[in-house]
Amino acid sequence: MTFERFPGEFLWGVATSAYQIEGAVAEDGRGPSIWDTFCELPGTIANNETGMVADDHYHRMPEDVGIMRELGVDAYRFSIAWPRVLPEGRGPVNQRGLDFYRRLIDQLATAGIAAYPTLYHWDLPQALQDRYGGWIGRDAAYAFEEYADVVSRALGDGVAGWITLNEPWVSSWLSYGWGSHAPGYRSMELGMQAAHHLLLAHGLAVPVLRANSPHARVGITLNFSPIEAASDAPKDIAAARAADVNVNLWFLDPLYRGEYNDVLLPDLSHARLRIADGDMATIGAKTDFLGVNYYTRFLLRSGPSPFNPLGEYVEQTHAERTSMGWEVYPDGLYDTLRRIHERYAPGDMLVTENGAAYADVVDLDGAVRDPRRIAYFESHLEQVARAMDDGVPVSGYFAWSLLDNFEWTEGYRQRFGLVHVDYETQRRTIKESGYWYRDGIAACRRAHSNRAS
Ligand code: IFM
């Protein structure tokens, strides 16, 4: 029933990212990324795992495109590994890296699947970390502009939609502020500066992508989570308000209003943020859609927390949770879409990630039964449909993820895929949720062809 509620032209997709699936980190001229380095630090990743092999997608790409064809998706959101294309971050181009993405795009085209590449899903070339301090350095933004140029010249004719950045909140605040992602710095001031340079990189890339790839749509993907105070205590309310601005509004304000929000975290001052003349205009470059990633909401109480400068997240023990410990809270997706539309009116939105991790196993009969994931998707799609019924423009939905994959600091123990991956054998098994998604997409198409005839 859910799928038939969506319009005929609605885009049904699946999503992945390079470091999480490709493996082959030292092959065909790829340079190291900050995630290769971070994974080597003892104790940073569960079970000391790395993305060295991951899903071996670099070698199994044709099989994975075949699975997408079997699922009947309209679109594939993947990311391009910057260090595969420019091993030193800028300068010499690695043609073999570009060739891999050309083959992928060509095979997608043959399968009738639209390509939605993301340019940056956190795997910064290590060389840029060494030279500029990564995103702390303004030059990283200019390097990104050059990278966008190289990639869009080579691949632009085959791309339906470009996404400049994935979740810059994660690659700035979480990575330079809290230290829980690569490169693992712990200074909120650096997090704020990295966030600005990521936004600048996005703004510099937009006109380049438009010039080199005039038929493609261009957007950016941000992550959202409603953040609520754990109690009525004024200090909890203040902490939740600051965290809400930090997580949910920090990037939207400059993108759509040309300024930073004036609510900031305690002990931080905008005065310390280095912004050059013209930056805000560059960042505000007009885009065609906003990508929305949504998984859960958080309850926050003020107070010292070793890893989270925003306060302390309160475990939602009463609620249904995924194996990440995240509350299943579908209403939050409706609230998020509506809030963004009402405050910023981006014109069009794509849900570029939504999904759930559960401890799936392949049963003796070869099936992977994951009813909780199906329920998760159903309930969230209901909320997308509800938002659309209320006039919020949403034109597509990408399930996270096509495949079980490397879940960053969680390693391989969190399985988000519609397709199970046996990491010993690299055998892929479509889960029941994958078949459910396939059948839903087909039902949506059928409903519209019936209506048309
Ligand atoms: O796996 C990640 C993805 O890389 C970015 N968004 C959230 C997902 C689940 O944690």
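This chain uses plain numbering: 1 for the first residue, then up along the sequence. All ligand and atom numbering here is 1-based and tracks the order in the structure.
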Using a threshold of 4.0 angstrom between heavy atoms of the protein and any atom of ligand 1, which residues qualify?
Gln20, His121, Trp122, Asn166, Glu167, Tyr295, Trp326, Glu353, Trp400, Glu407, Trp408, Phe416
Quick one: do Tyr423 and Tyr412 satisfy ring-ring contact (aromatic ring centres under 6.0 Å, His included)? Show the steps, please.
CA-CA 9 Å; Tyr423 295 111; Tyr412 295 96; 4.6 Å; yes
Per ring pair (Phe, Tyr, Trp, His ring centres under 6.0 Å), Tyr120 is matched among Trp135, Tyr147, Trp162, Tyr19 by Trp135
Would you say the ring centroid of Trp12 lies under 6.0 angstrom from that of Phe6?
yes
Ring centers of Tyr260, Trp250 separated by less than 6.0 Å
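Under 6.0 Å, so yes.
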Does Gln316, at its CD atom, have more than 12 non-hydrogen atoms belonging to other residues, nucleotides or ligands within less than 6.0 Å?
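Result for CD/Gln316: enclosed.
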Contacts of Tyr334 that satisfy ring pair (Phe, Tyr, Trp, His ring centres under 6.0 Å) - sequence neighbours left out:
none
